[in-house]
Amino acid sequence: MIVSKVYVMACLLALQTGCAASNETPAAIGAACYTRGQTGECVAGAVCDTIKDNQVVCLKICEKDEQCASTESCSGVSGTTGKACHAK
């Protein structure tokens, strides 16, 4: 009986944690994220990708260099056909 109560409590905790994660505020451009190529973790118009030193952050989505800052270029996002503004 004790084992089943512990199991039920563990399941409830897992469900609660999962729900909290889905309600998190999206990360701003330049803020840390987790899954390269995903847009759901970032604010609208941004995608998660790797930058220097293997940091993974939200970057502005682009189609051409003119949409990026002068210190950035519009280049491919890891694992996707999309592009984002990466530092030159």
Side-chain angles (χ1 to χ4, degrees):
M1 185 70 166
I2 293 174
V3 173
S4 63
K5 286 183 180 179
V6 170
Y7 179 75
V8 169
M9 290 178 68
C11 290
L12 290 173
L13 180 61
L15 286 172
Q16 184 179 21
T17 303
C19 293
S22 65
N23 292 328
E24 289 182 9
T25 302
I29 293 174
C33 53
Y34 301 98
T35 311
R36 291 177 300 199
Q38 296 297 312
T39 56
E41 298 175 33
C42 303
V43 294
V47 63
C48 191
D49 201 14
T50 305
I51 60 170
K52 64 182 177 180
D53 300 328
N54 290 321
Q55 294 177 1
V56 183
V57 300
C58 293
L59 300 173
K60 179 182 175 183
I61 295 172
C62 59
E63 292 181 11
K64 51 189 176 181
D65 286 336
E66 292 77 19
Q67 295 172 303
C68 302
S70 61
T71 57
E72 300 172 326
S73 63
C74 186
S75 58
V77 173
S78 305
T80 73
T81 58
K83 294 181 176 182
C85 298
H86 291 86
K88 290 183 180 178

Quick one, Cys85 and Leu59 - any side-chain contact, counting heavy atoms below 4.5 Å? no
How is the hydrophobic cluster of Ile61 composed, in terms of its other members, when Ile, Leu, Val, Met, Phe, Trp and Tyr link through side-chain heavy atoms under 4.5 Å apart, directly or indirectly?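 Same cluster as Ile61: Val47, Val77.
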Thr35 meets the side-chain contact (heavy atoms from CB on, under 4.5 Å) criterion, sequence neighbours left out, with Gln38, Glu41
Which residues share a side-chain contact (heavy atoms from CB on, under 4.5 Å) with Val43, sequence neighbours left out: Pro26, Ile29, Ala46
Cys58 and Cys42 SG atoms less than 2.5 angstrom apart: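 Between Cys58 and Cys42 there is a disulfide, given that their SG atoms are under 2.5 Å apart.
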Can you tell me if the gamma sulfurs of Cys62 and Cys68 fall under 2.5 Å?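 No, because the SG atoms of Cys62 and Cys68 are not under 2.5 Å apart, which misses the disulfide cut-off.
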Nearest non-hydrogen partners of Gly30 and Val57, listed with the distance: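 Smallest heavy-atom distance, with atoms named: O-CG1, 3.8 Å.
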Do you know which two heavy atoms are closest between Ser78 and Thr50, and how far apart they sit?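 Looking at all heavy atoms of both residues, the closest pair is OG-OG1, 4.4 Å.
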Please answer whether the main-chain N or O of Ser73 pairs with a side-chain N or O of Lys83 as donor and acceptor at a distance below 3.5 Å.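 Side chain of Lys83 to backbone of Ser73: no pair is present.
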Strictly distance-based, threshold 3.5 Å: is any side-chain N or O of Lys60 a donor or acceptor partner for the main-chain N or O of Ala69?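 Not confirmed, Lys60 side chain does not pair with Ala69 backbone.
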To the nearest 0.5 Å, what is the distance between CD on Glu72 and CD1 on Ile51? 10.0 Å
